[in-house]
There are 2 protein chains.
Amino acid sequence: MEVIRRNTEYAIRALVHLAANREAVASAWEIAGSQDVPVEFLQKILQKFVKRGIVDSHRGAQGGFSLAKEPGEVTLLEVVETMQGKLAMNRCFLGRDGCPRSPNCPLKQNWLRMEEQIASHMAGITLQDLVDQVRESSRFEVRGERQ
Amino acid sequence: MEVIRRNTEYAIRALVHLAANREAVASAWEIAGSQDVPVEFLQKILQKFVKRGIVDSHRGAQGGFSLAKEPGEVTLLEVVETMQGKLAMNRCFLGRDGCPRSPNCPLKQNWLRMEEQIASHMAGITLQDLVDQVRESSRFEVRGERQ
DNA sequence: CTATTTAAGACTATTATAGTCCTGTATTAG
DNA sequence: CTAATACAGGACTATAATAGTCTTAAATAG
Ligand code: FES
Ligand code: FES
């Protein structure tokens, strides 16, 4: 079972791309090409971030997308939640027809704690961190350390 | 996005049922009825636990299923993994065509840590805990404390 | 022997995700 | 002003995952 969906993965890659070339405007076509993502699909994805104010869009010739915030300000949590909404372990357990049945169910507490753990973990990672790491590993690759 | 699937939820309910009536043999039909789960579907589910040695099956008339282990020995983690396999955040990030591209990717470490957190949390909850809690809450209900 | 109940696999239905396409509108180079 | 460029938004299709059903066989209690 996979928690992070494909489009979320695409989104992260695209945002890392934007964060790496801060201030520059990149078209969806350009990003898609460099990240192996279907263009039209990527546009759809980026639109969500535009609405959230995380990405700026620029129409017309020479237009495209750019990061609206500092890379250090955008957390993985924001990105993931923009794509797939709040992560939920399960709406209900041990209740036959929805959670309200057992308001004091112990699993509910456990699910919530797990959700919080994941969320706070993701909230601690920013695009800047990812960009830095990408630079790190490509430094290795340049020295001929492939695989 | 939901991490726990429907059939896993059914499985937990069914196992709690079995754990509550320890030693007794309950037919799939009986369990399904008491837990609002499609019978045939539940059979499929229980078969998985039989194979894992968590549940014993008894064919023929008056047959059914019973818990093969002590309720305190069966963890939520086992149950969830029996149904949906190991929980994975995502097989890969920031690599275009699979994880091997960046063996030292930072997200990989983060995903692993999150997976471990969830797993250890689930490993700390047993069927016994759930049965106890169900008894707790029904005690409240009996006193007329509905909602 | 017969009614009951699980085992196993094939099959279908439903829903979620992924991906495409088309039409419109803003922007800007020329 | 015009034409090319590139995003906006919605409708649409395809694919895959999940959920659920059905059918046949094998075991067992009475
Ligand atoms: S009964 Fe709804 S979360 Fe436990
Ligand atoms: S590149 Fe595969 S997990 Fe990061």
Side-chain angles (χ1 to χ4, degrees), chain A residues 1-15 18 24-68 80 82-85 87-88 90-91, chain B residues 1-14 17-18 24-68 80 82-85 87-88 90-91:
Chain A
M1 216 262 144
E2 237 120 271
V3 175
I4 301 299
R5 292 203 295 258
R6 189 104 57 96
N7 52 7
T8 308
E9 192 178 324
Y10 290 164
I12 297 179
R13 287 199 216 144
L15 290 182
L18 288 179
V25 173
S27 70
W29 182 86
E30 180 188 331
I31 302 173
S34 97
Q35 305 287 348
D36 272 337
V37 180
V39 202
E40 299 93 338
F41 198 28
L42 183 65
Q43 287 215 30
K44 281 262 129 74
I45 293 169
L46 285 172
Q47 280 175 25
K48 295 197 179 192
F49 290 91
V50 171
K51 279 186 184 158
R52 282 243 177 166
I54 294 171
V55 163
D56 280 336
S57 71
H58 313 273
R59 288 185 172 191
Q62 307 306 315
F65 299 92
S66 64
L67 209 62
V80 170
T82 298
M83 292 309 297
Q84 23 191 79
L87 182 100
N90 185 308
R91 69 212 122 164
Chain B
M1 215 265 143
E2 237 121 271
V3 176
I4 301 299
R5 292 204 295 257
R6 189 106 53 98
N7 52 9
T8 308
E9 192 177 324
Y10 290 163
I12 297 179
R13 287 200 215 143
H17 179 100
L18 288 179
V25 172
S27 70
W29 182 85
E30 181 189 330
I31 302 173
S34 99
Q35 304 288 349
D36 272 338
V37 180
V39 202
E40 299 93 339
F41 199 28
L42 183 66
Q43 287 216 29
K44 280 265 130 72
I45 291 169
L46 285 172
Q47 281 175 23
K48 294 197 180 193
F49 290 92
V50 172
K51 280 187 183 158
R52 282 242 180 166
I54 294 171
V55 164
D56 280 336
S57 71
H58 314 273
R59 287 187 173 189
Q62 308 306 314
F65 299 91
S66 64
L67 209 61
V80 170
T82 297
M83 292 309 298
Q84 23 189 78
L87 182 101
N90 184 309
R91 70 212 123 162

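A, B, ... follow the sequence lines: proteins, then strands. Residue 1 opens every chain.
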B:Lys44, nearest nucleotide to its side chain (from D:dT5, C:dT6, C:dG9): C:dG9

Touch class at under 4.0 angstrom, heavy-atom based, for B:Gln43 against every strand present: base

Atom pair distance, as rounded to whole Å: CZ in B:Arg59 and P in D:dA25: 13 Å

From B:Phe49 atom CZ to B:Leu67 atom CG, the distance as rounded to the nearest 0.5 Å: 10.5 Å

Interatomic distance, B:Glu30 CD vs C:dT5 C1' [rounded to whole Å]: 13 Å

Of the listed nucleotides D:dA8, D:dG20, C:dT4, the one nearest the side chain of B:Pro38: D:dG20

Nearest-angstrom distance from the residue atom CG of B:Leu42 to C1' of D:dA19: 13 Å

Student check: side-chain heavy atoms of B:Ile31 and B:Leu42 closer than 4.5 Å: yes

Rounded distance in Å - CZ (B:Arg5) to P (D:dA17): 11 Å

Shortest non-hydrogen contact between B:Ala68 and B:Gly53, atoms and distance: CB-O, 3.3 Å

Gap between atoms CD and C1', on A:Glu40 and D:dG10 respectively (whole Å): 14 Å

Proximity to the side chain of A:Gln47 - top-ranked nucleotide from C:dA7, C:dT28, D:dA8: D:dA8

Salt-bridge present (A:Lys44, A:Glu40; N to O < 4.0 Å): no

Nearest-nucleotide 5' precedence on DNA chain D, B:Asn7 against B:Gln62: B:Asn7

d(CZ, A:Phe41; P, C:dC21) in whole Å: 14 Å

B:Ser57 vs C:dA7: side-chain N/O to OP1/OP2 distance below 4.0 Å: yes

OP1 or OP2 of D:dA19 under 4.0 Å from side-chain N/O of B:Tyr10: no

Closest non-hydrogen atom pair, A:Val55 against A:Leu18: CG2-CD1, 4.1 Å

Rounded distance (Å) that lies between atom C1' of D:dG20 and atom CE of B:Met83: 13 Å

A:Glu9 CD - C:dT17 C1' separation (whole Å): 14 Å

Sugar-phosphate only, base, or nothing, as touched by B:Lys48 at under 4.0 Å among non-hydrogen atoms: nothing

From D:dG9, C:dA8, D:dA29, nucleotide with atom closest to A:Lys51 side chain: D:dG9

